[in-house]
Protein chains: 2
Amino acid sequence: MTSPRPLRADAARNRARIMTAAHEQITEHGPEVSMEQIAAAAGVAVGTLYKHFPNKNDLVTAVVTASFETLADDAEECLQRESQGSPAMAELTGFLSRVMDTVAHNHTVKAAASALGADHAAHPAMQEVETRVTQALGPLIRTAQAQGGLRADFTLDDLYLMLSTLPADQPPTARARWLALLLTGLTAR
Amino acid sequence: MTSPRPLRADAARNRARIMTAAHEQITEHGPEVSMEQIAAAAGVAVGTLYKHFPNKNDLVTAVVTASFETLADDAEECLQRESQGSPAMAELTGFLSRVMDTVAHNHTVKAAASALGADHAAHPAMQEVETRVTQALGPLIRTAQAQGGLRADFTLDDLYLMLSTLPADQPPTARARWLALLLTGLTAR
DNA sequence: CTACATGGTGAAGCATCATTCACGTTATGG
DNA sequence: CCATAACGTGAATGATGCTTCACCATGTAG
């Protein structure tokens, strides 16, 4: 269903190079890097990019979706640790804090984080990964509330809201302060 | 010091038209509107824009700085009302709330709000207006703390930080929720 | 009323980009 | 080793946008 033909050897290699290069370039310069620049970084010609992706938007989406998985992995590890005795609230704040710091110098994850909670109706791949995040973070939130660390009315949407407003271009001290202020509001009384 | 020559009549008229049109266009479409579009909206030719502003950036800055004044006015009115008996904390939250809602459909004020607290070393005009905001909001913060509504360690920089991370592209309910969560954290215990 | 500085015009110059395509290359099955 | 489908190439195309400039128009001082 996915692959009628196995994809030629060099084609597969180039595709991987393109993904890697695109990821690096977008991470560093944001989604507005030119196709030329991505091609150069990948060591291929522009035309090759279009042999693998119909247009720039699809390439960017592919890259963002892929690094989206990073977030899902992190979230699942949080749930994992929680099941081994770590306090749920600590895992949640750790997650938030890590994402915030990553987003500060990683445009790809920044795009991924602000895509969370948005309706990516068009991109089923994103839909799937978001489900992973949801299934990890949802239980974590409920546990944190049961354990009494997190205010009872806090929802997953609230978390996504926070992720979408992370102060990416602030200095580390300001970011830390931002998180601290918010956390005060999230703590159960 | 400011005007060696009084500026010709039609020139003054056009300058005003340009500012108005630029403001409207930037407010609606963001700072990335083309000079062509601004010129069209102002009813002048592109070249005329450059007779009044050396380049696009300077025009945008002028517009943003001007609508910056809106924020300063609002802040000063808050201080005014406070001095007439209104609770300082209420004025602060009102200010935050109004700015948040404005920013949601006004790209100009959005730019102005996120410029607050940044070091606009190059633009003395912005510097001045920021001083107005600072001198209105600073006392308001201190009063709110003295009256016991605002947490004691809250600073002006914190407020600027919040203003720079306002959730502009979220629906009204999400925005309200965001503010509510935040305010819980800002309230004195 | 006139001279001319000041202001206005918009086509043209440049850059930057995304995207295409006619053509050359190469992996791979037979 | 060959045939050929798959792949790679990069100059060309067309869109968009900022900025400039040679020329025209007009407000205004005298």
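Order of the sequence lines fixes the chain letters, A, B, ..., with proteins taken first and strands second; residue numbering starts at 1 for each chain.
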Asks: Output yes when a side-chain donor or acceptor of A:Gln145 lies under 3.5 Å from a complementary backbone atom of A:Arg151, and no otherwise.
Replies: yes
Asks: Counting only side-chain nitrogens and oxygens, does A:Lys56 get under 4.0 Å of the OP1 or OP2 atom of C:dA18?
Replies: yes
Asks: Please compare A:Gly47 and B:Ser34 by the position of their nearest nucleotide in DNA chain D and report the one closer to 5'.
Replies: A:Gly47
Asks: With the side chain of A:Ala11 defined as its heavy atoms from C-beta on, choose the nearest nucleotide among C:dT9, D:dC7, D:dT9.
Replies: D:dC7
Asks: Counting side-chain heavy atoms from CB outward, which of C:dT19, C:dG10, D:dT9 is closest to A:Val44?
Replies: D:dT9
Asks: In whole Å, I'd like the distance from the CG atom of A:Asp10 to the C1' atom of C:dT26.
Replies: 7 Å
Asks: Are B:His52 and C:dG7 close enough that a side-chain N or O sits under 4.0 Å from OP1 or OP2?
Replies: no
Asks: Relative to the 5' end of DNA chain C, which residue comes earlier, B:Ala12 or A:Pro31, by the nucleotide with the nearest heavy atom?
Replies: B:Ala12
Asks: Atom CG in B:Leu183, atom CE in B:Met89: separation rounded to 0.5 Å?
Replies: 5.5 Å
Asks: Between atom CG in A:Asn55 and atom P in C:dT20, what is the gap in whole Å?
Replies: 8 Å
Asks: Between B:Tyr50 and A:Gly43, who's closer to the 5' end of DNA chain D by nearest nucleotide?
Replies: A:Gly43
Asks: Let me know which of A:Arg81, A:Gln80, A:Glu91 forms a side-chain hydrogen bond (donor to acceptor under 3.5 Å, both in side chains) with A:Ser86.
Replies: A:Glu91
Asks: I need the CG-P distance between B:Leu49 and D:dT20, as an integer number of Å.
Replies: 13 Å
Asks: Nearest whole angstrom, please: distance from the C1' of C:dT25 to the CG of A:Asn14.
Replies: 13 Å
Asks: Rounded to whole Å, please give me the gap between NE2 in A:His29 and P in C:dC17.
Replies: 12 Å
Asks: Report the nucleotide, chosen from C:dG8, C:dT9, D:dT9, that has the shortest atom-to-atom distance to any side-chain atom of A:Lys51.
Replies: D:dT9
Asks: Measure the spacing between CD1 of B:Ile18 and CE of B:Met35 and express it to the nearest 0.5 Å.
Replies: 8.5 Å
Asks: Distance check needed: D:dT19 P versus B:Leu59 CG, whole Å only.
Replies: 10 Å
Asks: With rounding to the nearest 0.5 angstrom, report the CG to CD distance, A:Leu71 to A:Glu76.
Replies: 11.0 Å
Asks: Starting from C1' on D:dA6, measure out to CZ on A:Arg8 and report it in whole angstrom.
Replies: 5 Å
Asks: On DNA chain C, does the nearest nucleotide to B:Glu36 precede the nearest nucleotide to A:Pro54 from the 5' side, or the other way round? Give the residue.
Replies: B:Glu36
Asks: Report the distance from atom CD1 of B:Ile38 to atom C1' of D:dC18, rounded to the nearest whole Å.
Replies: 11 Å
Asks: Looking at C:dT28, C:dT19, C:dG8, which one has an atom nearest to any side-chain atom of B:Thr48?
Replies: C:dG8
